[in-house]
Amino acid sequence: MREGLASLWRERRWAMYDRPPITRWVAGRMVLTGDAAHPMLQYLAQGACQAGEDAHALAGHAERLGERDLALKEYESDRTARTVRVVAPAVTR
């Protein structure tokens with residue numbers, strides 16, 4: 001343990017940023033997914049999982065509905081409700 005402590009990078013600090021969930025992820029044909037839509041602090045280890053869920057949900061809505069604008073609207077509604085439940089406990093105030 002003592003030998004290992006000497007190898008730690010004590011001078012390096014990693015900033016951790018978060019923000020409360022947003023409700024608008026779609027603007028025209030531009031769609032936010034993953035951390036762009038709902039950033040999380042790293043200690044929850046959920047950022048990549050949520051990005052995967054976003055992609056799955058967006059593809060599912062697009063395939064099921066076929067019409068782009070409706071699919072984007074459904075995606076935004078579906079995912080914002082879900083990610084608020086996941087992100088809210090990790091947001092620092």
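Formation of a donor-acceptor pair under 3.5 Å by the Arg82 side chain with backbone atoms of Asp78 is not found in this model.
Side-chain contact between His61 and Lys73: absent, with no pair of heavy atoms (C-beta onward) separated by less than 4.5 Å. Between Asp54 and His38, the closest side-chain pair of non-hydrogen atoms falls below 4.5 Å.
Interatomic distance, Leu72 CG to Glu67 CD, rounded to the nearest 0.5 Å: 8.5 Å.
Every residue was checked against the side-chain hydrogen bond (donor to acceptor under 3.5 Å, both in side chains) condition with Arg68, not counting sequence neighbours, and none meets it.
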Check against side-chain contact (heavy atoms from CB on, under 4.5 Å), Arg64 and Glu74: CA-CA 11 Å; Arg64 183 173 53 84; Glu74 292 268 334; 3.8 Å; yes
Could you pull out every donor-acceptor pair under 3.5 Å between side chains of residues 24-36 and any protein atom, sequence neighbours left out?
unit_1 : atom_1 : unit_2 : atom_2 : d
Arg24  : NH2    : Val26  : O      : 2.7
Trp25  : NE1    : Ile22  : O      : 3.3

